Structure formats: structure tokens, C-alpha cells
Q: 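First, the structure itself, so that you have it in front of you.
Just so it is clear, the model here is predicted, and its values are computed rather than measured. Chain letters run A, B, ... following the sequence lines, proteins first and then strands; every chain starts at 1.
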Amino acid sequence: MAVDYKLTLQLPKTDFPMKADLPTREPKLLEKWKGEDLYGKILERRKNGPSFILHDGPPFANGDAHMGHALNMTLKDMVLKSKNMAGYQVPFIPGWDCHGLPIEHKVMKELGDQAKDPVTIRQNCEAYARKYIDIQRNQFERLGVFGDWQNPYLTMDPAYEADVLRTLASIVEKGWVYQALRPVYWSTGCQTALAEAEIEYSPKLDLSVFVRFSVLDSSFAKLGVSTPVSILIWTTTPWTLPANLGVAVGAGIAYGLYQQNGEHFLAATALAASLPGFVAGEPIRLFKGADLEGIDYQHPFLNRQGKVYLADFVTTDTGTGFVHIAPGHGRDDYQLGQRVGLQTLSPVDDRGCLTEECGVADLVGKYVFKANPIVRDLLRDQGKLWADQEFSHDYPHCWRSKTPIIFRSVSQWFIDVNGFRAEALEEIKSVTWVPTWGENRIRGAVESRPDWCISRQRTWGVPLPVFYDDRGTAVLTADQVRQVADIVEEKGTDWWFKSEAEEIAKILGLPTGLRKGLDTIDVWIDSGASHTAVVKRRLSFPADLYLEGSDQHRGWFQSSLLTSVAVCGKAPYKQVLTNGFVVDMDGKKLSKSDVYKKPTDLLSFVNKFGADILRLWVSSQDYRDDVPFSEEIFTRVTDSYRTVRNTVRILLGNLNGFTPEKAVARSEWSEIDLYVEAQLQDLIRTVLAAYEAYEFHAVYHAVIRFCSVDLSAFYIDVLKDRMYCDAVTGKRRLAAQTVMFQVVESLVKIIAPIMPYTAEETWMMMGHKESVHLQLFPQAGEGAAKYRDRWDRLIQVRSVVNEPLEKARQQKLIGKSLEAQVILRGSGFEEIDRELLQEIFIVSKVQLESAESLSAEVSPASGLKCVRCWKFGEENGKHADHPELCPRCTDAVLVCP
RNA sequence: GGGCCUGUAGCUCAGUUGGUUAGAGCAUGCGCUUGAUAAGCGCAGGGUCACUGGUUCGAGCCCAGUCAGGCCCA
């Protein structure tokens with residue numbers, strides 16, 4: 001009998017599966033989107049909307065996409081999708097950085113010793129880049145990112161390369177490009193100058209030496225001595241001693257003249273005691289650094305004299321307070337040398353071996369780090385070695401070859417940043433930086449950066465189109481670069497490497513007999529020129545937003561800013577957003593993590609959990625800080641996903657048989673319906689504001705809370721009786737469906753930027769023909785503010801009633817709450833509220849008694865249990881045909897047998 | 001070593017101009033339900049707000065230092 005009545009219930013029914021099975025379902029949706037060119041359709045739909053330009057920073061076309069890429073790309077896409085649904089037209093052109101050392105290095109390894117002509121190398125590099133562009137493209141697309149994936153921008157496209165050259169031409173035209181012999185970071189492993197970004201620090205053990213520099217007789221008077229005296233210097237790079245041309249002291253530092261074992265020497269008083277073998281005790285005489293300026297000394301093993309100079313970079317942290325100066329081998333040294341007129345001596349070749357110029361036959365041809373002990377022995381033989389010791393310090397290494405780098409002077413090309421530094425700093429102020437401290441970072445980077453070394457001794461890159469005459473004088477003009485750009489646009493940069501110098505010179509109208517430069521341009525110029533090659537050509541300048549990891553303040557944000565300011569005096573972006581790095585749960589970077597040693601690759605993760613889970617993870621985090629990644633966090637996120645999915649599912653189940661035409665007018669809604677609908681409006685308002693502020697984690701929290709608290713635990717739970725037991729045609733039931741329909745429609749649109757696949761799946765399940773991503777966000781109507789007082793009270797009363805209900809349950813007096821009746825004592829409730837209270841408590845009966853303080857008493861419900869709706873009541877079982885039913889169910893059964 | 005940041009329950013986040021017993025969701029435990037069931041509901045426990053010191057009548061919020069972590073630079 002009871003089974004029959006169950007058939008008269010309107011239980012939720014839907015084909016929307018509880019199990020998401022995203023790894024299977026998502027690729028099908030992706031195929032559908034690609035098949036119907038959804039990206040194109042969206043652009044067409046928004047063609048009259050205001051445009052919003054998010055310019056993609058090009059990742060390096062090397063290796064699989066990892067979690068860091070996933071984080072950044074998902075954030076970009078959530079911005080794009082939310083802007084699209086807010087009505088903007090959002091074209092997105094993804095890009096890749098193709099040139100550069102890492103690829104060339106890989107290719108050189110693969111090629112081994114065979115064919116090393118530039119064109120072969122370059123062809124292999126291009127193939128390598130294309131391979132990884134395809135791989136990464138598939139991985140990014142799989143994330144559900146909409147964009148012009150068929151026409152991305154590649155920094156190796158001839159048209160792009162031409163614009164890189166035109167950018168350079170503009171800077172040449174302004175006179176900001178020059179050539180100079182200057183110490184640069186030099187990788188002996190890769191035999192090239194390196195950019196700052198290509199260097200990493202790691203511990204290295206070096207031989208350090210304390211060396212006597214004998215003061216010349218002519219300076220004895222200055223020191224008030226008449227016997228031989230030496231200056232003690234300390235260095236961790238003995239191999240640079242052949243290039244020593246001076247000694248620096250700090251003007252304000254105190255120096256002492258010491259005597260020990262009949263020998264006189266000078267050292268900073270603060271450091272004397274730390275000298276190995278120091279036993280001299282108190283100094284005989286004291287000097288300020290300023291007193292020592294101009295003292296002449298004899299080079300320890302070369303026939304050369306040097307002087308003492310003042311410099312502000314001298315410290316008394318380590319060493320002797322006297323700093324050995326080799327202008328060809330250090331940045332500080334070089335600058336001091338420039339100031340006082342020292343030569344830039346750098347007797348080291350490309351491989352890091354000392355040359356004839358070093359002046360010591362035994363050292364010629366020796367790798368610098370192998371030369372250190374030879375220099376030490378030389379010093380010892382000359383009686384100039386005070387002491388030597390092993391010294392461990394963080395030392396710069398080449399990020400590719402892992403060999404220690406050296407400072408070495410070579411002729412390089414530079415951009416004179418001082419030409420436009422002030423302008424760049426001014427432009428920084430006009431940009432909105434999120435988080436705000438980003439402005440400090442980039443300002444610091446721009447303020448302190450030295451001139452930009454733009455030449456590289458590599459082949460996989462845009463050529464620096466310079467010529468040299470037989471005396472080595474460079475020929476480089478803006479016109480010449482522009483002519484090259486025009487040809488490159490047509491023929492690609494291989495043309496420069498394939499063609500004879502004579503041939504190119506002739507085309508450019510240059511004299512004969514010139515030598516073709518073989519350097520390439522720093523890849524940071526490549527990517528930095530994207531505002532010209534992409535934003536100006538294919539989008540609209542300046543871009544509204546750049547969004548990259550926070551390491552790019554010194555990287556792409558800076559190179560883009562500098563080239564843009566140099567070319568046209570404007571920042572290329574209006575707003576810059578940064579995300580932190582993916583770290584493990586202890587806040588450690590993944591590569592140092594105990595748990596996640598390898599970079600976690602994106603695709604295996606997506607194939608296992610689904611893109612929407614990964615995207616939900618991204619949305620759940622405040623990405624402005626570092627973003628933790630762990631199994632536990634993903635388990636939690638998966639739980640949250642189920643919450644949303646199941647909420648949507650039960651809504652769809654309850655909407656079975658409902659169509660918008662059956663919607664009921666507001667005037668017919670119950671108070672609960674009105675309240676929940678108003679809460680939905682609050683949710684919409686909150687979420688739209690959060691999207692506007694790019695605070696996706698606020699969207700996440702608001703949506704999850706709404707689903708679990710407002711819907712699942714309250715509205716849907718309370719409405720079960722109405723939905724299951726009322727007659728299908730009942731107004732109360734239709735009113736609830738009207739609200740649920742609105743809720744699910746809004747909810748799906750709101751989550752679409754975060755979970756594009758699940759949103760689409762739901763949207764289609766609702767019977768829509770057209771993608772949810774073509775829709776606009778719902779507009780927020782009037783919120784629940786006007787219901788606030790009453791409903792805060794009602795919710796509070798509900799939890800007061802739940803306590804004794806729970807006690808009764810624990811005591812086995814009742815099971816489900818419908819088995820209970822409640823006496824509610826308190827004030828402010830009218831008899832008219834009784835039915836509402838009974839509904840929201842989900843009990844069979846509520847009795848009101850007035851009292852000063854609020855309390856509730858629970859007892860097992862009296863009367864007969866209706867077998868259909870499970871409610872107890874004194875009026876139940878009165879109908880002769882249906883003796884087991886309550887009056888409401890009797891009616892429902894009679895209406896709808 | 002320097003610059004810029006971060007540090008609130010197991011996890012993810014809120015905490016307005018410093019002002020009562022620091023909040024939410026999830027997770028956990030216990031119970032209920034079996035008409036959202038590889039689901040749902042209820043109740044409960046859980047935080048010296050990284051640490052130390054200071055300013056204040058009062059500090060998670062302000063100041064100084066320490067520790068841990070990140071990015072960048074040396």
C-alpha cells in the first residue's frame with residue numbers, strides 16, 4: 001500500500017549524473033566548442049561591446065606546461081570569461097617566446113658535433129620550438145581557455161621578428177644604442193654573455209688569497225714610514241690578479257699600520273684580527289681611508305704599478321678593507337676604472353682561458369678556475385702570498401650549462417637606459433598595480449638596473465643587423481635596421497645568416513668590404529616588443545591588463561615597459577596583475593619540496609581530476625600570494641566541487657517537468673521563496689563585484705556557502721515536503737520551482753568562468769541550445785536587506801529548536817525531525833507564523849507559548865503518521881478511501897491519482 | 001647580504017578607522033535519515049591570531065626585533 005503512495009510523490013528526477021567523470025566528459029565538450037568555433041561566436045556576439053584587452057605574456061616554448069602555467073593561464077581565462085559575460089569583447093591571442101639559449105642549448109646537445117652551421121642550428125631550433133608550442137597549446141586548450149589558438153603570436157614569426165627590429169630601429173634612432181667593452185656575465189660553458197635572468201646562485205668552494213702589494217718608496221713619506229710596507233688585499237678570484245690595475249679603500253674606514261715578525265703591513269682595523277696568522281696586536285699608526293688615496297704600489301708579479309683609489313663599495317664585512325680592482329672583471333671595478341681612467345683589461349678568452357695579454361707565460365691557456373692555484377704558487381714564489389684558504393660562498397652559475405660564470409669584458413651592445421629612465425619611472429605611476437606593492441618592485445628594478453646589454457653571441461634569435469669595417473668600427477643606423485626589418489618580414493631572419501655580407505651590404509646600400517655581425521638580440525627584447533608586434537597590430541594599444549607571475553616585474557613587465565617607453569613614451573598596459581608561485585603545503589617551492597620534487601605537469605593532472613577541478617583549485621586561492629598545492633588541498637577542492645554539482649543536480653531534479661511558461665508570479669510566492677530569491681540577488685551582487693576586482697576566491701567562497709548553507713541545508717531541505725508531496729499543479733510547488741529555476745540559471749552563469757565545462761554541461765541539461773558562454777551575467781536585483789531582521793531571527797530560532805531536537809534524537813526519542821512536535825516559548829511570534837515555523841523546523845507540529853526568553857521543548861509527535869508525507873497529525877486518516885493519509889496528501893492523491 | 005612581500009582553526013578564506021567570549025565553509029567526531037543515498041540533515045569538538053618585546057585603558061590589527069617561507073637582486 002505504502003509503495004503505491006510513493007508513486008504519487010514528485011521525487012526529484014534528472015539525467016544530470018552525480019558522478020562528474022570530468023576526464024571523459026570534458027574532452028567531448030571541448031571538441032564541440034572547437035567544432036562550432038565558440039571563440040569566434042563569442043567575439044561576434046560581443047562585437048558592439050567595449051573591448052577589454054588582456055595581453056598574453058609568452059611562455060617559453062620548451063617542455064610541458066606545469067602547475068605554474070596552469071595557475072597563470074587559468075587566472076587569465078577566468079578574467080577573460082568573466083569580462084566576456086560582463087559584456088566586454090575580449091579577444092585573446094596566446095603567444096610563445098621561441099628564441100633563446102635554452103632551446104639552442106638543447107638542440108646543440110642533440111646535434112652533437114655534427115653540422116654547426118647557423119642555418120642548420122636555427123632550423124632545428126625552430127622545429128624544437130614548434131613541437132613544444134603544439135604540446136603546450138593542447139595543454140592550455142584542454143584547460144578550457146578560449147582564444148585564437150590557431151593564430152597565436154610566435155616571436156619567431158617573420159612579421160614578429162620584423163617588428164622586433166623596428167622597435168630596435170626606433171631606439172637606435174634616438175641614439176640610445178651603443179657599443180662598449182664592458183664586463184658582462186659570461187658563461188664559459190655556453191660561451192656567451194648572459195642576461196641577469198640567465199644566472200642562478202649556488203654554493204661554490206673557491207681558493208681565496210691574501211696578497212701583499214708592496215708600497216713604492218715614493219709613497220713612504222705619505223705613510224710616515226721608511227721601511228718596506230705592504231698593503232694586504234684579499235680576493236676569491238686569484239685569476240683576476242693579472243688584470244689588477246688598482247686598489248680601492250673606503251674613505252671613512254679606519255686602517256692600521258701593523259708590525260709582525262719584522263714586516264710592516266696595512267689593513268682595516270676592524271678586520272686585522274681576523275687575518276690568518278695575525279699576531280701583531282695594536283696598530284703602530286692609524287689612517288683613514290681618505291689618507292691613503294693616491295698611494296702607489298707595485299703589482300705582485302707583473303712589471304706594473306697601481307694606485308689606491310677611494311670607493312664607496314668597500315666594506316669591512318670580510319677581507320682586509322683593501323679591494324683589488326680589475327676593471328675588466330667586475331661591475332664595481334669597471335665603474336671605478338671609468339671614473340679614474342683605468343683601462344678595461346680582460347685577458348680571458350671565450351672559453352674562460354687566460355690569454356697572452358695576462359703577461360704570465362704559465363697562465364696562458366689555463367681555464368681561470370684552474371689558474372687560481374697557479375697564481376697562488378706564483379705569489380708564494382714571489383713572497384707576496386700572506387695566506388690562502390678555501391672559501392665557500394654563493395656564486396653565480398649559468399642556468400643552462402651550470403658552469404660558474406665569470407665577469408669578463410667583451411664588446412657588447414647596450415641600450416642607454418638613462419636616456420628614458422625618468423620617463424619610464426613616470427609611466428610606472430600611471431599604471432594600476434595589483435597588488436599595490438608591485439609598483440615598488442618594478443620601480444626598484446627600473447631605478448637600479450644598469451644599461452641593458454642586448455647582444456648575445458648566439459645563433460637562435462633575431463640578428464643584430466650591424467656591420468663592422470676592417471678597423472672594427474660598427475655601422476648601425478635606424479634606416480639600415482628598418483630596411484633589414486622589411487626584408488626579414490618577407491624572408492625571415494634566416495636570410496641574414498644565409499646571405500653573404502657583401503650581398504646584404506649591397507641591398508642596404510652600404511660600402512663593400514664590411515663584415516657582418518653575428519650576434520643575436522637579447523630575447524627579452526623579443527618578448528618586450530610584443531606591445532608593438534601584437535597589441536598594436538592585432539589588438540588595441542595600450543592593453544588593459546598584463547597578468548603574469550610576480551617574477552616578471554623584473555622580466556617581461558620591465559622589458560615591455562622599457563621598450564614601449566623608449567619607442568613611444570607610454571606604458572604598454574593600464575593595469576598589471578601578478579600571481580604568486582605554486583608552493584607545497586609548507587610554503588616551500590615545489591622543486592625544494594619533500595613531497596613534490598618534480599614540477600607537476602598539467603596534463604596528467606587534468607587527465608586524472610579534470611580541468612574544472614584544477615580551475616576550481618585556482619579560484620579557491622588568493623593567488624596574489626604564493627599558492628599552495630597538495631593532495632589534501634585537492635581533496636578539499638574536490639569536495640567543494642561535489643557540493644556545487646550535487647546542489648545543481650538536486651535543483652535540476654526538482655525542476656523535472658518544469659518549463660519557464662509554468663512560472664508563477666511573485667505575488668504567489670511564499671515568504672521563503674521571496675527570501676531565497678533575494679539572497680540569490682545578494683550572491684549575484686557579491687560575485688559580480690568579486691569578478692570585477694579579480695578576487696576569484698571571494699566568488700568561490702560565496703558560491704560554496706550559498707550552495708551548502710542557503711540552498712542545501714535550508715531551502716532545499718525545507719522545501720522537500722512541498723516539492724515531493726504537493727500536487728504537481730499546486731501553486732506552492734510551482735512557486736518554488738520558479739525560484740529554483742532562477743537560482744540554477746543564475747548559478748550556472750556565475751560559475752561559468754570558473755568551471756566552464758560543468759557550467760556548459762548543466763546549461764545543456766537544462767535544454768538550452770546555445771552555449772552558456774554566450775550568455776551575460778545575471779543582473780543583481782533587490783537583495784535580502786529588507787528581510788534581514790525577520791529572517792535573522794527565524795534562522796536563530798531554528799538553531800535554538802535544533803538543539804532539543806538533536807537531544808531527543810540522541811536519546812532515541814525521535815529519528816527524523818518530522819517525528820517531533822515542538823513547543824516554542826518566546827515573544828514576537830504570532831499564530832500566523834506557526835505554519836512557517838513548522839515548515840522551517842521540518843517538524844510535524846509547532847505550538848507557541850509566550851515567554852520572556854527563547855526556548856524550545858521537543859516531544860514525539862502525536863497523532864497518526866501519514867504514510868505518504870511522514871508527517872504526524874490529529875486530522876490524519878479521516879478519509880475513508882485513504883485511511884493512512886493526512887488531508888493534504890489525500891487531496892494531492894485525489895487530484896493526481 | 002640587500003629590496004619587495006607573506007605567516008588567523010587540519011585545509012581554504014573573512015576579520016571594517018585598534019574596542020565585548022576571533023568568524024565562515026570544508027574536513028573531523030557523534031547521531032539521524034535511507035523519498036538528493038558513492039548523497040542529505042543535525043549537533044559537537046577544534047585557534048596563547050608564527051614568536052618576543054613595546055605603544056595603548058584596550059592590539060589579530062600600530063611599532064621594533066626574531067623565526068619560517070616566497071619572488072627579485074647581490
Side-chain angles (χ1 to χ4, degrees), chain A residues 5-6 9-14 16 18-19 196-197 199 201 315 317-318 331-332 393-396 435-445 447-449 549-555 558 578-589 592 617 619-622 624-628 630-640 642-643 645-654 695 697-698 700-709 712-714 716-718 720-721 723-725 798-799 801-812 814-819 842 868-870:
Chain A
Y5 284 123
K6 183 169 175 176
L9 293 172
Q10 303 299 319
L11 296 180
K13 185 165 178 285
T14 176
F16 188 75
M18 182 178 284
K19 186 165 160 42
E196 287 88 340
I199 285 158
Y201 286 78
T315 66
D317 294 343
T318 50
R331 188 173 287 164
D332 287 340
H393 55 160
D394 269 352
Y395 193 84
T436 50
W437 50 259
E439 183 170 351
N440 291 340
R441 291 196 80 173
I442 191 159
R443 195 195 307 115
E447 274 171 353
S448 68
R449 75 156 302 141
S550 58
D551 56 334
Q552 298 303 333
H553 283 115
R554 193 168 271 265
Q558 192 192 189
T578 50
N579 60 267
F581 278 66
V582 180
V583 296
D584 74 5
M585 221 162 62
D586 298 326
K588 291 185 183 148
K589 61 161 108 182
K592 285 187 184 167
W617 164 67
S619 81
S620 75
Q621 303 279 344
D622 186 349
R624 292 166 295 198
D625 288 335
D626 287 334
V627 174
S630 72
E631 292 290 331
E632 179 178 0
I633 292 171
F634 273 99
T635 309
R636 295 292 90 82
V637 169
T638 306
D639 291 338
S640 297
R642 287 208 196 93
T643 297
R645 189 176 180 92
N646 281 328
T647 302
V648 165
R649 180 169 177 268
I650 187 67
L651 287 171
L652 292 178
N654 276 325
E695 289 179 349
H697 65 289
Y700 170 88
H701 279 282
V703 167
I704 302 291
R705 216 202 73 88
F706 183 72
C707 286
S708 65
V709 179
S712 190
F714 180 70
I716 295 170
D717 203 32
V718 161
K720 279 175 186 166
D721 178 72
M723 298 309 299
Y724 301 169
C725 307
R798 187 176 191 243
S799 78
V801 171
N802 271 334
E803 286 174 43
L805 275 175
E806 182 58 26
K807 276 203 188 97
R809 225 182 330 255
Q810 304 266 356
Q811 290 163 9
K812 310 290 180 196
I814 58 166
K816 52 179 169 295
S817 53
L818 280 178
E819 292 166 19
I842 320 183
R868 185 166 175 274
C869 73
W870 299 340

Q: What is the nucleic acid contact for P435(A), judged by heavy atoms within less than 4.0 Å: base, sugar-phosphate only, or nothing?
A: nothing
Q: Using a cut-off of strictly less than 4.0 Å, decide whether N802(A) has a side-chain nitrogen or oxygen near OP1 or OP2 of C43(B).
A: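 It does, given that an N or O in the side chain of N802(A) lies less than 4.0 Å from OP1 or OP2 of C43(B).
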Q: Heavy-atom distance under 4.5 Å between the side chains of D584(A) and P628(A), does that happen here?
A: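 Side-chain contact under 4.5 Å: no.
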Q: Within the structure shown, what part of the strands sits under 4.0 Å from E803(A) by heavy-atom distance: base, sugar-phosphate, or nothing?
A: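 E803(A): no heavy atom of the nucleic acid under 4.0 Å.
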Q: Run the salt bridge (Lys or Arg N to Asp or Glu O under 4.0 Å) test against D721(A) and tell me which residues pass, sequence neighbours left out.
A: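 Here the qualifying residues are K871(A), R888(A).
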Q: Report yes if a side-chain nitrogen or oxygen of Q810(A) is closer than 4.0 Å to either non-bridging phosphate oxygen (OP1 or OP2) of C32(B); otherwise report no.
A: no
Q: Mind checking if G815(A) touches a base, just sugar-phosphate, or nothing, with heavy atoms under 4.0 Å?
A: sugar-phosphate
Q: Of the nucleotides C41(B), C71(B), U12(B), which one has an atom closest to the side chain of D717(A)?
A: C41(B)
Q: Identify the nucleotide, in any strand shown, that forms a Watson-Crick or G-U wobble pair with U21(B), with both distances under 3.5 Å; if there is none, say none.
A: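 U21(B) is paired with nothing.
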Q: Separation of M723(A) atom CE from A36(B) atom C1', in whole Å?
A: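 Roughly 12 Å, once rounded to whole Å.
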Q: Let's test this: given Watson-Crick or G-U wobble pairing with both distances under 3.5 Å, identify the partner of U37(B).
A: none
Q: Mind checking what makes side-chain hydrogen bond (donor to acceptor under 3.5 Å, both in side chains) contact with D622(A), not counting sequence neighbours?
A: R624(A)
Q: Within this structure, what is the NE2-to-P distance between H553(A) and G70(B), rounded to whole angstrom?
A: 19 Å
Q: Name all residues meeting the salt bridge (Lys or Arg N to Asp or Glu O under 4.0 Å) criterion together with K13(A); count only those two or more places apart in sequence or in a different chain, and write none if there are none.
A: none
Q: For S640(A), which residues count as a side chain to side chain contact (heavy atoms under 4.5 Å, CB included) partner, sequence neighbours excluded?
A: L616(A), Y700(A), I704(A)
Q: Of the candidate nucleotides C43(B), C13(B), A36(B), which contains the atom at the shortest distance from the side chain of E806(A)?
A: C43(B)
Q: Looking at residues at least two apart in the chain, or sitting in another chain, which of them share a salt bridge (Lys or Arg N to Asp or Glu O under 4.0 Å) with R636(A)?
A: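 With neighbours one apart ignored, the set is E632(A), D639(A).
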Q: Taking the side chain as every heavy atom from C-beta outward, state whether T578(A) and P435(A) have any pair of such atoms under 4.5 Å apart.
A: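 Yes, side chains in contact.
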Q: Check for me whether R645(A) meets the cation-pi criterion with F16(A), that is, NZ or CZ under 6.0 Å from the six-membered ring centre and within 45 degrees of the ring axis.
A: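 Cation-pi check for R645(A) and F16(A): passes.
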Q: Enumerate all atom pairs, one protein N or O and one N or O from nucleotides 21-26 of chain B, separated by less than 3.5 Å.
A:
unit_1, atom_1, unit_2, atom_2, d
G25(B), O3', S708(A), OG, 3.3

Q: Report the nucleotide, chosen from G40(B), C30(B), G70(B), that has the shortest atom-to-atom distance to any side-chain atom of S712(A).
A: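 The nucleotide sitting nearest to the side chain is G40(B).
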Q: Reckon R443(A) touches a base, only the sugar-phosphate, or nothing at all at heavy-atom distances under 4.0 Å?
A: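 Since no nucleic acid heavy atom lies under 4.0 Å of R443(A), the category is nothing.
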Q: How long is the line joining CH2 of W870(A) and P of G35(B), in whole Å?
A: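 Going from W870(A) (CH2) to G35(B) (P), I get 5 Å.
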Q: Could you tell me how far U21(B) sits from G25(B) if I compare only their P atoms? Round to whole Å.
A: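 22 Å, rounded to whole Å.
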Q: Does any non-hydrogen side-chain atom of V627(A) lie less than 4.5 Å from one of N579(A)?
A: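 Counting from C-beta outward, N579(A) and V627(A) never come under 4.5 Å.
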Q: Across all strands shown, which nucleotide pairs with C51(B) by Watson-Crick or G-U wobble geometry, both distances under 3.5 Å?
A: G65(B)
Q: Given U12(B), A14(B), C32(B), identify the nucleotide with an atom nearest to the side chain of D622(A).
A: A14(B)
Q: Would you please confirm or rule out a distance under 4.0 Å between OP1 or OP2 of A74(B) and any side-chain N or O of R554(A)?
A: no
Q: With sequence neighbours excluded, what pairs up with F634(A) under the ring pair (Phe, Tyr, Trp, His ring centres under 6.0 Å) test?
A: F605(A), W617(A), F629(A)
Q: Taking only the side-chain nitrogens and oxygens of K720(A), find out if one of them lies under 4.0 Å from OP1 or OP2 of A36(B).
A: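 Affirmative; the distance criterion is met.
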Q: Between P on A39(B) and CG on L652(A), what's the gap in Å once rounded to a whole number?
A: 18 Å
Q: Given that both distances must come in under 3.5 Å, which nucleotide forms a Watson-Crick or G-U wobble pair with G42(B)?
A: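 Check on G42(B): paired to C30(B), both distances under 3.5 Å.
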Q: Write down the atom of T14(A), the atom of R649(A), and the distance for their closest heavy-atom approach.
A: CG2-O, 3.7 Å
Q: Report yes if at least one side-chain N or O of R645(A) is closer than 4.0 Å to OP1 or OP2 of A36(B); otherwise report no.
A: no
Q: Applying a 4.0 Å non-hydrogen cut-off, can you work out what D551(A) is touching in the nucleic acid: base, sugar-phosphate, or nothing?
A: sugar-phosphate
Q: Could you list the residues that satisfy salt bridge (Lys or Arg N to Asp or Glu O under 4.0 Å) with R809(A), not counting sequence neighbours?
A: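 Partners of R809(A) by the salt bridge (Lys or Arg N to Asp or Glu O under 4.0 Å) criterion, ordered by chain and then number, come out as E806(A).
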Q: Among G42(B), G70(B), G35(B), which nucleotide sits nearest the side chain of R798(A)?
A: G42(B)
Q: Tell me whether the side-chain N/O atoms of K816(A) come closer than 4.0 Å to OP1 or OP2 in U34(B).
A: yes
Q: For D626(A) and C72(B), what is the distance between atoms CG and P respectively, to the nearest whole Å?
A: 11 Å
Q: Identify the nucleotide, in any strand shown, that forms a Watson-Crick or G-U wobble pair with C4(B), with both distances under 3.5 Å; if there is none, say none.
A: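 Pairing partner, where one exists within any strand: G70(B).
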Q: Counting Watson-Crick and G-U wobble pairs only, both distances under 3.5 Å, name the nucleotide matched with A9(B), or none.
A: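 Answer to the pairing question: none, since A9(B) forms no Watson-Crick or G-U pair.
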Q: Could you check whether L9(A) gets within reach of a base, just the sugar-phosphate, or nothing at all, counting any heavy atom under 4.0 Å?
A: base
Q: Sort out the partner of G58(B) for me: Watson-Crick or G-U wobble, both distances under 3.5 Å, none otherwise.
A: none
Q: For E631(A) and A27(B), give me the distance from atom CD to atom C1', rounded to whole Å.
A: 16 Å
Q: Look at the side chain of V583(A) and decide which nucleotide, out of G70(B), C13(B), G40(B), has an atom nearest to it.
A: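 Shortest atom-to-atom distance from the side chain points to G70(B).
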Q: Please tabulate, one pair per line, each protein N/O and nucleotide N/O from nucleotides 3-9 of chain B that are separated by under 3.5 Å, including the distance.
A:
unit_1, atom_1, unit_2, atom_2, d
G3(B), N2, R441(A), NH2, 3.2
C5(B), OP1, N440(A), ND2, 3.4

